[in-house]
Amino acid sequence: HKKALSHFQRFVQTDPSETHVLCPLAGDDPFVYLLFSLGYSVSAIDLVPEAVEELRKTFKCSSKEDWSMEESSNTVIWKHSSG
């Protein structure tokens, strides 16, 4: 993922704390956690509940208590306590 990160940072040159990244159909892509761990604000979207669960597991620094779930109009939204 270092190659993907260097490509990303070549085009996105703003400070991570000022950058929000949308990752559609993220599945269990570890790039989502990599960006998060570097200080980027990341929104990941997937339609498959199992993929979302696997993605949440990549956040090894988190406990189950760090996540909250909201349901609205047949949509489930997981939020991490970090924002």
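Residues satisfying the side chain to side chain donor-acceptor pair (under 3.5 Å) criterion with His20, sequence neighbours excluded, are Ser41, Ser43. Residues forming a side chain to side chain donor-acceptor pair (under 3.5 Å) with Glu53 (at least two apart in sequence, or on another chain): Arg56. Applying the side-chain contact (heavy atoms from CB on, under 4.5 Å) rule to Val21 yields the partners Phe8, Thr19, Cys23, Leu35, Tyr40; only residues at least two apart in sequence or on another chain are considered. Residues passing the side-chain contact (heavy atoms from CB on, under 4.5 Å) test with Asn74: none are found, sequence neighbours excluded. Under the side-chain contact (heavy atoms from CB on, under 4.5 Å) criterion, Thr75 pairs with Ile77, not counting sequence neighbours. Applying the side chain to side chain donor-acceptor pair (under 3.5 Å) rule to Ser82 yields the partners His80; only residues at least two apart in sequence or on another chain are considered.
Listed by first and then second residue, the salt bridge (Lys or Arg N to Asp or Glu O under 4.0 Å) pairs involving residues 10-22 amount to none (not counting sequence neighbours). For residues 28-41, the set of pairs meeting the salt bridge (Lys or Arg N to Asp or Glu O under 4.0 Å) definition, not counting sequence neighbours, is empty. Within the structure, every pair that satisfies the salt bridge (Lys or Arg N to Asp or Glu O under 4.0 Å) test and touches residues 68-83, not counting sequence neighbours, is listed here: Glu70-Lys79. Within the structure, the salt bridge (Lys or Arg N to Asp or Glu O under 4.0 Å) test picks out no pair touching residues 43-52 (sequence neighbours left out).
Phe36 and Leu25 end up in different hydrophobic clusters when Ile, Leu, Val, Met, Phe, Trp and Tyr side chains are linked at under 4.5 Å. Connection of Leu47 to Met69 is not established within any shared hydrophobic cluster, with ILVMFWY side chains joined at heavy-atom distances below 4.5 Å, either directly or through further cluster members. Each of Val48 and Val32 belongs to its own hydrophobic cluster when Ile, Leu, Val, Met, Phe, Trp and Tyr are linked at side-chain heavy-atom distances under 4.5 angstrom.
Connectivity analysis of hydrophobic side chains (ILVMFWY, heavy atoms under 4.5 Å, direct or indirect) links Ile45 to Leu22. If you chain together ILVMFWY residues whose side-chain heavy atoms come under 4.5 Å of each other, Phe11 ends up in a group of its own.
The nearest pair of heavy atoms linking Leu55 to Gly27 is CB-O, 3.2 Å.
Residues Leu38 and Leu5 are in side-chain contact: their nearest non-hydrogen atoms beyond the backbone lie under 4.5 Å apart.
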